[in-house]
**Student:** 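Below you will find the structure I want to go over with you.
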Amino acid sequence: DTGVSQDPRHKITKRGQNVTFRCDPISEHNRLYWYRQTLGQGPEFLTYFQNEAQLEKSRLLSDRFSAERPKGSFSTLEIQRTEQGDSAMYLCASSAAELFFGEGSRLTVL
Amino acid sequence: KNEVEQSPQNLTAQEGEFITINCSYSVGISALHWLQQHPGGGIVSLFMLSSGKKKHGRLIATINIQEKHSSLHITASHPRDSAVYICAARGVASGTYKYIFGTGTRLKVLA
């Protein structure tokens, strides 16, 4: 499978716990994006990378959210001290020209 | 007001009907994507446009840069076209490839 893969696909956690999501983009894609999507809404921008450089981060993103792409390949998105409002689908996409999305990681915070 | 607006938000059509979904944006863009998301499914890119018109099967996408408007048309609609259709605008500022998404149009095609 040469598409964008995300792991885990589902995560249920208790409020206050930390969670980490991983995204493996299409190998030759230098741009990688993280989005969050809640029911009935379009994807909301979180952050994006060009190679290993994090070029932009949403002002809406609190300090509890951090993302890395250490070698310009896979990326991780960590949420610390999760809150119920963090429950959403977290989408990763990669691009060279066309945009390709992963299946998403669904987070439920109890 | 969102920088990328779609209309309608919801659309129900009978099988075979011609469908149009509209996207208007207020920012300068370098490209616009039309995406499809099935219920519980991932997002698939249908088109990437920077000018003019593209066609793929029963789907046609057009963009008017001067009017900051794009449309997605579905000819001879089918129940399997039922999905959420999202337009995403890619920023024009130098060096940026950030996308701004519309909230989506939920299409239901009835048999």
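Every chain is numbered from 1 and lettered A, B, ... according to where its sequence line falls, protein lines coming before strand lines.
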**Student:** For residues 103-110 of chain A, tabulate all N or O donor-acceptor pairs below 3.5 Å that involve a side-chain atom, not counting sequence neighbours.
**Tutor:**
from	atom 1	to	atom 2	distance (Å)
A:E103	OE1	B:G42	N	3.4
A:S105	OG	A:P8	O	2.5

**Student:** State which residues pass side-chain hydrogen bond (donor to acceptor under 3.5 Å, both in side chains) with B:Y99; sequence neighbours excluded, sorted by chain then number.
**Tutor:**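 For B:Y99, the residues satisfying side-chain hydrogen bond (donor to acceptor under 3.5 Å, both in side chains) (neighbours in sequence not counted) are B:H33.
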
**Student:** Fit a plane to each ring of B:F18 and B:H73, take the angle between them on a 0 to 90° scale, and name the class: parallel (under 30°), tilted (30 to 60°) or perpendicular (over 60°).
**Tutor:**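 Because their plane-to-plane angle is under 30°, the rings of B:F18 and B:H73 count as parallel.
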
**Student:** Which of residues 62-87 of chain A have a heavy atom under 4.5 Å from any heavy atom of chain B?
**Tutor:**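 The stretch does not come within 4.5 Å of chain B.
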
**Student:** Which bit of B:I43 is near chain A, if near means a heavy-atom gap under 4.5 Å: side chain, backbone, both or neither?
**Tutor:**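 Its backbone and side chain both get close to chain A.
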
**Student:** Using heavy-atom distances under 4.5 Å, tell me whether A:A93 contacts chain B through its side chain, its backbone, both, or neither.
**Tutor:**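 For A:A93, neither part sits under 4.5 Å from chain B.
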
**Student:** Can you tell me which portion of B:L35 sits under 4.5 Å from chain A's heavy atoms? Options are side chain, backbone, both or neither.
**Tutor:**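 Just its side chain gets close to chain A.
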
**Student:** Output yes when a side-chain donor or acceptor of A:Q54 lies under 3.5 Å from a complementary backbone atom of A:T47, and no otherwise.
**Tutor:**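 Answer holds: no.
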
**Student:** Do A:N18 and A:T20 touch side chain to side chain, with heavy atoms closer than 4.5 Å?
**Tutor:**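 No; the side chains remain at least 4.5 Å from each other.
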
**Student:** Does B:S71 use its side chain to pair, donor to acceptor, with the backbone of B:N22 at less than 3.5 Å?
**Tutor:**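 Looks like no, no N/O pair under 3.5 Å.
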
**Student:** So do the side chains of B:R58 and B:D81 get within less than 4.5 Å of each other, counting heavy atoms only?
**Tutor:**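 Of all side-chain heavy-atom pairs linking B:D81 with B:R58, at least one is under 4.5 Å.
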
**Student:** Specify which of A:E98, A:Q41, A:R31 makes the most heavy-atom pairs with chain B at under 4.5 Å.
**Tutor:**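 Highest number of heavy-atom pairs under 4.5 Å: A:R31.
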
**Student:** Is there a donor-acceptor contact under 3.5 Å from the side chain of B:S77 to the main chain of B:E17?
**Tutor:**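 Yes, because the side chain of B:S77 sits within donor-acceptor range (under 3.5 Å) of the backbone of B:E17.
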
**Student:** If I measure from the heavy atoms of chain A, does B:Q37 come under 4.5 Å with its side chain, its backbone, both, or neither?
**Tutor:**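 Side chain of B:Q37 only, per the 4.5 Å heavy-atom cut-off to chain A.
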
**Student:** Let me know if A:E44 has heavy atoms under 4.5 Å from chain B in its side chain, its backbone, both or neither.
**Tutor:**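 For A:E44, there is no contact with chain B at all, as no heavy atom is under 4.5 Å.
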
**Student:** If I measure from the heavy atoms of chain B, does A:F100 come under 4.5 Å with its side chain, its backbone, both, or neither?
**Tutor:**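 Neither part.
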
**Student:** With disulfide (SG to SG under 2.5 Å) as the rule and sequence neighbours excluded, what pairs involving residues 19-110 of chain A come up?
**Tutor:**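 For residues 19-110 of chain A, and leaving out neighbouring residues, the disulfide (SG to SG under 2.5 Å) pairs sorted by first residue read A:C23-A:C92.
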
